[in-house]
A.B. asks: 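The structure follows.
Just so it is clear, the values below take in all heavy atoms, side chains as well, and ignore hydrogens, waters and symmetry mates. This chain uses plain numbering: 1 for the first residue, then up along the sequence. Read the numbers this way: they start at 1 and go in the same order the structure lists the ligands and their atoms.
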Amino acid sequence: MGDLVLPLKTFYWKVNAQEPAEEVIKQAGEIIRQGGLVAFPTETVYGLGANVFDRKAIAKIFNAKGRPLDNPLIVHIAVLADIYQLSSSVSPLALYLAEVFWPGPLTLILPRPETVPAEVSAGLDTVAIRLPAHPVALALIRAADVPIAAPSANLSGCPSPTTAKHVWADLNGKIDAIIDGGPTEIGVESTVVDLTGAIPAILRPGKITPAEIEAVAGKVCLDPAAKGIITSFKTDTTSEKWRPRSPGMKYRHYAPRAPLYLIEGNVPQVTKYINELASRYQKAGLRVGIFTYKETAEHYRQGEVLVAGDRCEPASVAANLYRILRRFDELGVDLILAEGTPPVGVGLAVMNRLRRAAGNNIIRLGDNCWT
Ligand code: AMP
Ligand code: MG
């Protein structure tokens, strides 16, 4: 990775998300072809793209983000047939899932051929593939005329970017260009499904829920890491006993600068507990941020109270999640007390991100707390 040259400046191009200007897309596609890095909007979060077949360009992604080298990238294509460029073995189930859910927020893990550089998959013998639905992403992939490897366009560990401004804040001066297509719609990363085992395994929850996948694929299992809970933070990654199937899931991630405490349980207990904690911390002179929902916001009369969305509509929470985590940092709070939400449906994707942002700071109240 040694002698990577930083770009002299980062271009910032604003485009119409539905009909991006041709000159911008052409220039951005050329940057990718020449081995540069371009950040672009997808329907989930902003991605940081490079030519999948260019090893040096792939190294630049890890470098710009400060991403651990054992955290693999997702490869983006614009037409379904390109799946054959990226995988040596596309099962009928993989094709069926692709036909049902693509273009869209579903990533499929398939066997990796030698033609896809090992660095893309952090040395794994599998590769992650997605066909996104965003017009800018699709136009860029077509213009580049190669599949684009793209993780989220943030500094590693920070909340993922849902606006081009977030990308600018993290990566200005480290990448070649940013295409601003407005805020992303879904707000959390794609659902990742591993199709290399006997039963499809959901490694990372997203907008497409386990039930929706099961309705198409038959029985699926939930990888332990999908819940985002504490066991995935074991540090002994050399142990034979613990090898995550999705290496990225072992890191504390999506985290604002201020420590985040996630409080899980039923509403009366949780709101009471958060109020007590908030009073205590405020008395000690600390600025407290409270992450809450429309239905429960009125319980709080102190601190910086930010409403993420409707508790009963977790997709609305997903859409605002990262923007709000970044907002707490802008407000300069010393700590964040976050209310959990039931980890079902899209709520599972929200809780996966909140739990991982909390790291070990998860407080569970009550006997029949969610698992
Ligand atoms: P990001 O796009 O930044 O959300 O990162 C991509 C995530 O996809 C990684 O952190 C992994 O969790 C997952 N991923 C990518 N490739 C693979 C793979 N070959 N096997 C398992 N998980 C993968
Ligand atoms: Mg990421």
Side-chain angles (χ1 to χ4, degrees), residues 37 39-50 52 58 61-62 64-77 83 86-89 94 105-113 116-132 134 137 147-162 166-167 170-171 184 186-197 200-208 222-228 232-233 237 243-255 318 321-322 325-326 349 352-353 356-357:
L37 303 185
F40 60 96
T42 79
E43 72 275 30
T44 57
V45 301
Y46 273 72
L48 178 62
V52 70
I58 296 301
I61 289 184
F62 285 89
K65 281 178 59 79
R67 186 176 176 97
L69 292 173
D70 66 352
N71 192 357
L73 311 179
I74 294 173
V75 189
H76 297 73
I77 54 178
I83 198 172
L86 297 173
S87 185
S88 38
S89 159
L106 180 72
T107 295
L108 302 177
I109 307 287
L110 298 176
R112 177 177 62 84
V116 174
E119 293 86 336
V120 171
S121 296
L124 297 172
D125 54 11
T126 53
V127 59
I129 310 170
R130 177 161 103 86
L131 198 160
H134 198 290
I148 294 183
S152 50
N154 52 327
L155 285 176
S156 196
C158 294
S160 296
T162 54
H166 296 159
V167 181
D170 280 14
L171 298 175
T184 62
I186 294 174
V188 291
E189 302 83 345
S190 58
T191 306
V192 176
V193 183
D194 185 349
L195 296 177
T196 61
I202 296 178
L203 304 186
R204 178 174 75 183
K207 169 84 188 310
I208 297 175
L222 207 57
D223 189 79
K227 291 179 182 169
S232 53
F233 289 92
T237 53
R243 272 249 170 90
R245 282 172 86 173
S246 187
M249 299 306 250
K250 71 172 179 275
Y251 297 106
R252 177 169 186 246
H253 208 331
Y254 315 122
L321 178 66
Y322 291 131
L325 293 184
R326 282 179 182 256
N352 170 285
R353 302 332 185 258
R356 293 182 60 209

A.B. asks: Would you please test Leu73 and Ile61 for side chain to side chain contact (heavy atoms under 4.5 Å, CB included) and show each step?
C.D. replies: CA-CA 9 Å; Leu73 311 179; Ile61 289 184; 4.0 Å; yes
A.B. asks: Kindly identify the option in Ser152, Ser190, Gly206 whose heavy atom sits closest to atom 3 (O) of ligand 1.
C.D. replies: Ser152
A.B. asks: Could you list which atoms of ligand 1 come closer than 4.0 Å to a heavy atom of Leu124?
C.D. replies: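 That gives atoms 18 (C), 19 (N), 20 (N) of ligand 1.
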A.B. asks: Could you measure the distance from the OG1 atom of Thr196 to the CZ atom of Arg112? Nearest 0.5 Å is fine.
C.D. replies: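 Thr196 OG1 to Arg112 CZ: 12.5 Å, rounded to 0.5 Å.
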A.B. asks: Around atom NZ of Lys65, are there more than 12 heavy atoms of other residues, nucleotides or ligands at under 6.0 Å?
C.D. replies: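 More than 12 heavy atoms, drawn from other residues, nucleotides or ligands, come within 6.0 Å of this atom.
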A.B. asks: Using a strict cut-off of less than 4.0 Å between a Lys/Arg side-chain nitrogen and an Asp/Glu carboxylate oxygen, indicate whether Arg130 and Glu43 qualify as a salt bridge.
C.D. replies: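 Yes, Arg130 and Glu43 are salt-bridged.
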A.B. asks: Distance under 4.0 Å to a non-hydrogen atom of Ala128: what atoms of ligand 1 satisfy this?
C.D. replies: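 Selected atoms, number and element: 15 (C), 16 (N), 17 (C).
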A.B. asks: Mind checking whether Lys65 contacts ligand 1 via backbone (N, CA, C, O), side chain (CB onward), both or neither, at a 4.0 Å heavy-atom cut-off?
C.D. replies: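 It is neither part, as no heavy atom is under 4.0 Å.
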A.B. asks: Heavy atom to atom 9 (C) of ligand 1, shortest distance: which of Val193, Val127, Asn71, Leu203 holds it?
C.D. replies: Asn71
A.B. asks: Could you give the distance from CG (Leu69) to CD1 (Ile58), rounded to the nearest 0.5 Å?
C.D. replies: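 One finds 12.0 Å between CG of Leu69 and CD1 of Ile58.
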A.B. asks: Quick check: do Thr184 and Thr44 have side-chain heavy atoms less than 4.5 Å from each other?
C.D. replies: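 The answer is no; the side chains never approach within 4.5 Å.
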A.B. asks: Hey, is Arg204 touching ligand 1 through its side chain, its backbone, both or neither, going by heavy atoms under 4.0 Å?
C.D. replies: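 Near ligand 1, Arg204 shows its side chain, while the N, CA, C and O stay back.
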A.B. asks: Could you tell me which atoms of ligand 1, counted from 1 in the order shown, lie closer than 4.0 angstrom to a heavy atom of Ile109?
C.D. replies: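 Checking each atom against Ile109, I get 17 (C), 18 (C), 20 (N), 21 (C), 22 (N), 23 (C).
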A.B. asks: Within a distance under 4.0 Å of any heavy atom of Thr126, pick out the atoms of ligand 1 and give their elements.
C.D. replies: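 In order of number, 18 (C), 19 (N), 20 (N).
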A.B. asks: Short list, please: which atoms of ligand 1 are under 4.0 Å from a heavy atom of Glu189?
C.D. replies: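 Checking each atom against Glu189, I get 4 (O).
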A.B. asks: Would you check whether Arg67 reaches within less than 4.0 Å of ligand 1, judged by its heavy atoms?
C.D. replies: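 True for this residue.
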